[in-house]
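I have placed the structure first, in the form of structure tokens, so that the comments after it can refer back to it.
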Amino acid sequence: MQRSRIKNILSDGNAGQSITVCGWVRTRRESKGIAFIALSDGSTQDTLQLVIPEAAPAFQKLTHCNTGAAVKVTGLLKESPAQGQKFEVEVSEIEIFGDADPAAYPLQKKGHTLEFLREIGHLRPRTNTFGAVFRVRNILAKAVHEFFQSRGFIWVHTPIITASDCEGAGDLFTITSLPLERLPATADGAVDFSQDFFGKQAYLTVSGQLEAEFLAMSLGDVYTFGPTFRAENSNTSRHLSEFWMIEPEMAFADLKDDMQLAEDFFHFLCRRVLEKGDSEIAFLEKFYKNTSVTELRDLSEKPFVHISYTDAIEELEKSKEKFEFPVKWGLDLQSEHERYLTDKVFKGPVIVTDYPKEIKAFYMRLNPDEKTVAAMDLLVPKIGEIIGGSQREERLDVLTERMLHAEIPLENMQWYLDLRRFGSAPHAGFGLGFERLVQYVTGMHNIRDVIPCPRAPQTIKF
RNA sequence: UCCCGGGUAGCUCAGCCGGCAGAGCAGGUGGCUGUUAACCACCCUGUCGGGGGUUCGAAUCCCUCCCCGGGAGCCA
């Protein structure tokens, strides 16, 4: 179907040209002798104003042209004599593909709460809010590839179905083709997964990191960008059961390189959103006031604050703030502690490094003090942890000992230990929760509003 | 999973010390020569989340279940 996109019309159109556009009616306003329609086609934040004079044959069809209707219009592009838009289309013909009964269509020309829109997930992308969010999401996704590709990172596709169950990254979904109504059992009553599809228990991945490591240890610098699954019973505005994660992994790199990469990455992403999503951010800023162009500009330039876990604890201990949870070296930072650091002390993103080994994963490299590991978390205001990374333990003996201590069965992990047996080298990487990034950039409070089909405990639609 | 707060018209909410079910927006009809979530007038709208109980009488009080939101934990 021959049609022009509204985005292109508004940026490159010439007054006087004849155009055809397709889209959905946002609002219709009528006066005596003239009618106006705001049309959206999803290509941009702005709507296209259609003007229908009474004399045009299209005027007679307006009763079926309600909010939500899908239409095709042909007309003349003109400079708009009124304030509010550069161009408008004087419509000569209008074709209605599908109307939308105003009495039944849930999206009318009024404000709706995000909670209500969450209940109509299939229609909410038609709102200007969700249009903005999903376009920003696309800008960010593209920027992720641009950033890594420009630096010579190779995009690797780690498995979604995995046999690794030992990452300590939360509960896993088991996938099986066994008959659920009659599961085969072993002698001791457990499910006999040897009869399952893969001959052993299989899961949906909670992270591509371990696989990314062996790819980094052969291809150099790599990154993953794909879906991740956690079966945790988390009911918060920051957790999803299915989310997208980005995990770069670099060979011949230490924690410093890792932090530099995270910072450059974050800066680049913010810059791209400002360049490509300015009208989306401006809209979200105007309506929700949880994000701002100035803040993003700041984020895209300002160097991150770095603080060690030990110094962070000291900072928290000397604060007069009343915390619900205790602050003590060796205990993990709680949300309230992280928020204090980002919102009150440093007023921006903070990288916390060198956490006690007991509270971090087995694969993180043991520091010379033998008490802490070369880990780093990027904390941002409001959201909290958005990136978690580390230099990986490359020494076979140290890694083996830490795995034994963490009670990780070595027999399934020989492939991982092989990387330390043959041509081991320092390497580092991190994981970035993509939805948290979108959340942070758009200012959406609830993570369920930055993914088209959110999956969470007791929540699955479509 | 735990702690709070909610569920009343299509949407947002008032009514909650028991006594006839309300408002704004949306929608409909009419008016208006250029509107910007237009404006003005009139009209329509109910399983008061489900079930049980107390009472002459329950949206309102009690029990219970379901759902939604906020916070916490876990994490990205």
Side-chain angles (χ1 to χ4, degrees), chain A residues 26-39 46-55 63 66-68 78 80-85 88 90 100-120 127-129 167-171 206-209 227-247 262 287 323-325 332-339 359-361 377-380 383-389 430-440 445-451 456-459:
Chain A
R26 275 283 167 74
T27 63
R28 190 185 80 210
R29 297 176 289 275
E30 278 179 87
S31 281
K32 193 174 179 70
I34 193 163
F36 300 91
I37 285 173
L39 192 75
D46 301 308
T47 52
L48 182 66
Q49 169 151 287
L50 310 178
V51 184
I52 306 103
E54 198 169 19
T63 43
N66 296 305
T67 298
K78 300 175 104 176
S80 180
Q83 294 288 308
Q85 60 281 316
E88 63 187 28
E90 191 173 292
D101 178 8
Y105 187 57
L107 295 174
Q108 289 302 339
K109 49 176 177 178
K110 70 179 290 289
H112 290 105
T113 58
L114 297 171
E115 289 82 3
F116 170 67
L117 295 173
R118 237 167 264 155
E119 292 166 20
I120 46 167
T127 63
N128 41 28
T129 297
E167 287 175 35
D171 300 325
V206 292
S207 163
Q209 183 203 310
T228 307
F229 308 87
R230 304 269 167 99
E232 302 252 293
N233 193 8
S234 298
N235 292 286
T236 81
S237 54
R238 309 183 301 283
H239 289 88
L240 291 167
S241 311
E242 175 183 295
F243 63 99
W244 286 62
M245 191 150 64
I246 297 144
E247 295 173 294
F287 265 78
F323 295 117
E324 192 189 335
F325 291 89
D332 208 353
L333 298 178
Q334 303 293 321
S335 292
E336 55 173 352
H337 305 143
E338 295 180 350
R339 216 172 305 118
I359 58 173
K360 287 290 180 186
D377 283 359
L378 172 62
L379 312 178
V380 296
I383 311 267
E385 185 180 341
I386 198 166
I387 283 178
F430 62 78
L432 168 83
F434 186 56
E435 282 74 17
R436 288 195 182 165
L437 172 72
V438 181
Q439 224 188 326
Y440 189 56
H445 282 317
N446 196 315
I447 200 164
R448 299 177 190 193
D449 294 335
V450 299
I451 187 166
Q458 301 301 312
T459 305

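Chain naming here is simple, since letters A, B, ... match the order of the sequence lines and numbering starts at 1 in each.
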- Using the P atom as the reference point in each nucleotide, state the distance between B:rC56 and B:rG15 in Å, no decimals. 28 Å

- Any idea which of B:rC75, B:rG73, B:rC68 is nearest the A:S335 side chain? B:rG73

- Query: Using purine N1 to pyrimidine N3 plus N6-O4 or O6-N4 for Watson-Crick, or N1-O2 and O6-N3 for G-U wobble, both under 3.5 Å, which nucleotide pairs with B:rC42?
  - Reply: B:rG28

- Note on the structure: Hits for ring pair (Phe, Tyr, Trp, His ring centres under 6.0 Å) against A:H239, two or more places apart or cross-chain, chain-then-number order -> none

- Query: With sugar-phosphate meaning primed atoms plus P, OP1 and OP2, does A:N446 contact a base, only sugar-phosphate, or nothing at under 4.0 Å between heavy atoms?
  - Reply: sugar-phosphate

- Which nucleotide sits closest to the side chain of A:S237: B:rG28, B:rG70, B:rA76? B:rG70

- Query: Who pairs with A:E90 by salt bridge (Lys or Arg N to Asp or Glu O under 4.0 Å), at least two apart in sequence or on another chain?
  - Reply: A:K78

- Item | Those residues that, when tested against A:F323, pass ring pair (Phe, Tyr, Trp, His ring centres under 6.0 Å) (two or more places apart) | A:H337, A:Y340

Pairs under 3.5 Å (N/O, protein and nucleotides 3-14 of chain B):
{"from": "B:rC11", "atom 1": "O2'", "to": "A:K110", "atom 2": "NZ", "distance (Å)": "3.1"}
{"from": "B:rC11", "atom 1": "O2", "to": "A:K110", "atom 2": "NZ", "distance (Å)": "3.2"}
{"from": "B:rU12", "atom 1": "OP1", "to": "A:T113", "atom 2": "OG1", "distance (Å)": "3.2"}

Identify all pairs in which a protein N or O lies below 3.5 Å from an N or O of nucleotides 32-35 of chain B, and state each distance.
{"from": "B:rC32", "atom 1": "OP2", "to": "A:K32", "atom 2": "NZ", "distance (Å)": "3.1"}
{"from": "B:rU33", "atom 1": "O4'", "to": "A:K32", "atom 2": "O", "distance (Å)": "3.1"}
{"from": "B:rG34", "atom 1": "OP1", "to": "A:S31", "atom 2": "OG", "distance (Å)": "3.3"}
{"from": "B:rG34", "atom 1": "N1", "to": "A:E88", "atom 2": "OE2", "distance (Å)": "2.9"}
{"from": "B:rG34", "atom 1": "N2", "to": "A:E88", "atom 2": "OE1", "distance (Å)": "2.4"}
{"from": "B:rG34", "atom 1": "N2", "to": "A:E88", "atom 2": "OE2", "distance (Å)": "3.1"}
{"from": "B:rU35", "atom 1": "O2'", "to": "A:R29", "atom 2": "NE", "distance (Å)": "3.0"}
{"from": "B:rU35", "atom 1": "O2", "to": "A:R29", "atom 2": "NE", "distance (Å)": "2.8"}
{"from": "B:rU35", "atom 1": "O2", "to": "A:R29", "atom 2": "NH2", "distance (Å)": "2.9"}
{"from": "B:rU35", "atom 1": "O2", "to": "A:Q49", "atom 2": "OE1", "distance (Å)": "3.4"}
{"from": "B:rU35", "atom 1": "N3", "to": "A:Q49", "atom 2": "OE1", "distance (Å)": "2.9"}
{"from": "B:rU35", "atom 1": "N3", "to": "A:Q49", "atom 2": "NE2", "distance (Å)": "3.0"}
{"from": "B:rU35", "atom 1": "O4", "to": "A:Q49", "atom 2": "NE2", "distance (Å)": "2.6"}
{"from": "B:rU35", "atom 1": "O4", "to": "A:Q85", "atom 2": "NE2", "distance (Å)": "3.3"}

- Of all the nucleotides listed (B:rA76, B:rC75, B:rA37), which has the minimum atom distance to the side chain of A:D332? B:rC75

Table of protein N/O atoms under 3.5 Å from nucleotides 45-49 of chain B N/O atoms:
none

